[in-house]
Amino acid sequence: MKEIAGTTGLIFNEPLLWEKGQKGRTAFSLPRRDVEKHPVDENLKGSGPDFPDLSEVDIVRHYIRLSQWNFSVDSGMYPLGSCTMKYNPKTNERQASRPGFARSHPLLPEPLSQGVLKLMFEMEQYLTEITGMDAATLQPAAGAQGELTGMLIFFSYHRSRGKARSRILVPDTAHGTNPASASLCGYRPVLVKSNKRGVLSPQAVDEAMNEDVAGIMVTNPNTLGLFEENIKAVADIVHDRGGLVYCDGANMNAVMGIANMSELGVDLLHLNLHKTFSSPHGGGGPGSGPVCVRKHLEPFLPVPRVINKNGKYELSENFPDSIGKVHAFYGNVGVMIRSYSYILSMGPAGLKKASQLAVLNAAYIKENLKGTFHLPYDRPCMHECVFSDKLQEPYKVTTLDIVKRLMDYGFHPPTIYFPLVVPGAIMIEPTETESREDIDLFIESMKAIAREAQDQPEKLHDAPRKTKRRRLDETAAARKPRLSG
Ligand SMILES: Cc1ncc(COP(=O)(O)O)c(C=O)c1O
């Protein structure tokens with residue numbers, strides 16, 4: 001039978017709504033007129049906007065089909081390392097769309113905003129409890145903005161002590177946004193190499209640390225998925241020379257209820273609510289990157305801050321040493337509500353369990369895939385594990401080929417070519433929300449791909465074969481996106 005292009009299989013070709021429109025179709029019916037007829041004002045007549053005429057079913061199918069071309073945590077496993085793409089429970093959405101929250105406005109007076117202010121106040125307390133810090137701000141709109149906020153706080157702290165410093169130490173296993181945020185604040189990032197175990201050595205920090213260094217930015221667990229086991233010794237060295245310790249806590253999903261960041265010597269850390277605390281992540285936002293600090297940095301937190309005065313919540317600007325505002329109004333409140341709902345529904349024991357399962361799942365994948373894929377750091381991992389394409393090199397199969405083929409098996413690709421310390425990196429973060437069966441299926445798929453790499457490498461070079469769009473020139477797609485058709 002002759003196949004008619006684009007009309008068979010799961011993926012349909014989908015024209016633009018303008019191409020689908022047929023004169024005279026409508027998707028609504030007006031109720032019968034129950035008032036007197038009046039002639040339409042001549043000024044309101046005309047050709048009208050160029051909108052297509054469509055029926056309800058045309059519109060519904062159009063958007064459902066487009067949504068099926070996408071991949072999401074609701075459609076399958078999304079093991080994108082460093083992004084913690086865990087499933088977001090629907091109750092979080094329900095809480096955020098309650099009319100009291102959804103219809104509140106940032107310009108409403110404080111007495112009419114007590115509910116949302118209370119939520120923000122309590123949210124700050126939960127985050128300080130989870131991290132072991134003393135105070136927090138919810139204002140930053142993303143992890144990277146939390147980093148910039150942290151750097152501005154470092155700067156203000158040093159200035160208040162009469163000596164501005166100009167450099168920040170950044171390990172080679174830090175997240176890429178760390179050095180960028182430090183430079184945006186005017187600091188010069190100084191690279192510190194990790195040791196053979198993939199972590200910072202106190203010796204390397206000792207050599208790099210001097211009186212001109214404002215502090216160190218440590219991603220912990222780091223981007224190799226390894227816990228920075230020398231963090232306390234590193235913090236002591238930095239503190240001894242007057243510096244401060246920044247922790248990129250966006251990987252907190254591995255250590256909730258397990259590591260107390262304050263006891264590890266951290267002065268300030270940021271969190272990614274859109275990673276660890278189960279609010280949607282991706283598509284450019286909105287996100288939320290709260291910053292938690294120890295007591296000595298609290299005076300510098302952004303304003304306004306939510307305070308509780310005699311049982312009433314208020315927004316206060318009365319913090320003279322504050323770095324000022326970093327976001328319009330108070331940050332992305334909708335994201336905070338979702339994460340608040342998540343924290344309450346999990347409770348302390350649930351959050352700890354989530355971290356334990358996130359680590360267990362990553363360790364299970366690491367143990368099952370080592371030998372099939374090259375494992376550059378064969379050590380106990382935290383919430384993610386990093387492989388490379390070294391064992392597939394003889395078949396001229398690369399990391400890109402492997403993960404594109406994984407799409408044909410129904411999985412979102414892991415993060416690739418990052419962290420930079422591992423050439424051809426494949427960074428897998430399953431998260432705690434995947435079941436044993438789905439993880440086993442993922443492992444089986446990766447093993448099948450490794451066999452294909454050996455026996456039929458063209459299948460990988462050609463992948464993905466089953467998606468709406470085949471392999472793109474990703475650079476050209478980013479530089480010259482075609483946004484229609
Ligand atoms: C470890 C780490 N730090 C910082 C960031 C930056 O966060 P954002 O993308 O919200 O700016 C990310 C992003 O996922 C991350 O994984």
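Note that the structure is predicted; figures quoted are calculated from it, not measured. Every number for a ligand or one of its atoms is a count from 1 in the order of the listing.
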### Message
Give me the nearest non-hydrogen protein atom to atom 16 (O) of ligand 1 as residue plus atom name, then the distance to 0.1 Å.
### Response
Ser82 O, 2.6 Å
### Message
Salt bridge or not between Glu229 and Arg197? Use side-chain N to carboxylate O under 4.0 Å.
### Response
yes
### atom 8 (P) of ligand 1 [closest protein heavy-atom partner, distance rounded to 0.1 Å]
Gly143 N, 3.5 Å
### Message
Would you call the rings of Tyr246 and His270 parallel, tilted or perpendicular, taking 30° and 60° as the class edges?
### Response
tilted
### Message
Going by the closest heavy atom to atom 12 (C) of ligand 1, which one wins out of Glu147, His175, Glu384, His274?
### Response
His175
### Residues Arg305, Thr137; criterion side-chain contact (heavy atoms from CB on, under 4.5 Å); working and verdict
CA-CA 7 Å; Arg305 296 191 57 200; Thr137 175; over 6 Å; no
### Taking atom 7 (O) of ligand 1 as the reference point, the nearest protein heavy atom with its distance
Asn272 ND2, 3.1 Å
### Message
Salt bridge or not between Asp408 and Arg405? Use side-chain N to carboxylate O under 4.0 Å.
### Response
yes
If you look only at distance, which donor and acceptor atoms sit under 3.5 Å apart when one is on a side chain in residues 185-194 and the other is two or more places apart or in another chain?
from	atom 1	to	atom 2	distance (Å)
Tyr187	OH	Phe155	N	3.3
Ser194	OG	Asp172	OD1	2.8
Ser194	OG	Asp172	OD2	3.4

### Query
With the threshold set at 4.0 Å, does a side-chain nitrogen-carboxylate oxygen contact exist between Glu429 and Lys275?
no
### Query
In terms of atom number and element, which parts of ligand 1 are under 4.0 angstrom from non-hydrogen atoms of Ala142?
10 (O), 11 (O)
### Pair Arg479 + Asp473, salt bridge at N-O below 4.0 Å
no
### Message
Is the contact between Thr84 and ligand 1 made by the side chain, the backbone, both, or neither, using heavy atoms and a 4.0 Å cut-off?
### Response
neither
### Task
Look only at interatomic distance and state if Asn251 has a nitrogen or oxygen under 3.5 Å from any nitrogen or oxygen of ligand 1.
no
#### Entry: Polar atom proximity, Gln145 to ligand 1 (N or O, under 3.5 Å)
no
### Message
Strictly by salt bridge (Lys or Arg N to Asp or Glu O under 4.0 Å), give each pair with a member in residues 337-352 just once, sequence neighbours left out.
### Response
Glu93-Arg338
### Message
If you take the nearest heavy atom of each of Leu148, Asp248, Thr223, which one is closest to atom 1 (C) of ligand 1?
### Response
Asp248
### Query
Hey, are Arg159 and Asp321 close enough for a salt bridge, meaning a charged N less than 4.0 Å from a carboxylate O?
no
### Query
Which atoms of ligand 1 are found less than 4.0 Å from any heavy atom of Thr177?
4 (C), 5 (C), 6 (C)
### Query
Under a 4.0 Å heavy-atom limit, does Ala144 contact ligand 1 with its side chain, its backbone, both, or neither?
both
### Query
Between Ala250 and ligand 1, is there a nitrogen or oxygen pair with a distance under 3.5 Å?
no
### Query
Can you find an N or O of Thr219 that's nearer than 3.5 Å to an N or O of ligand 1?
no
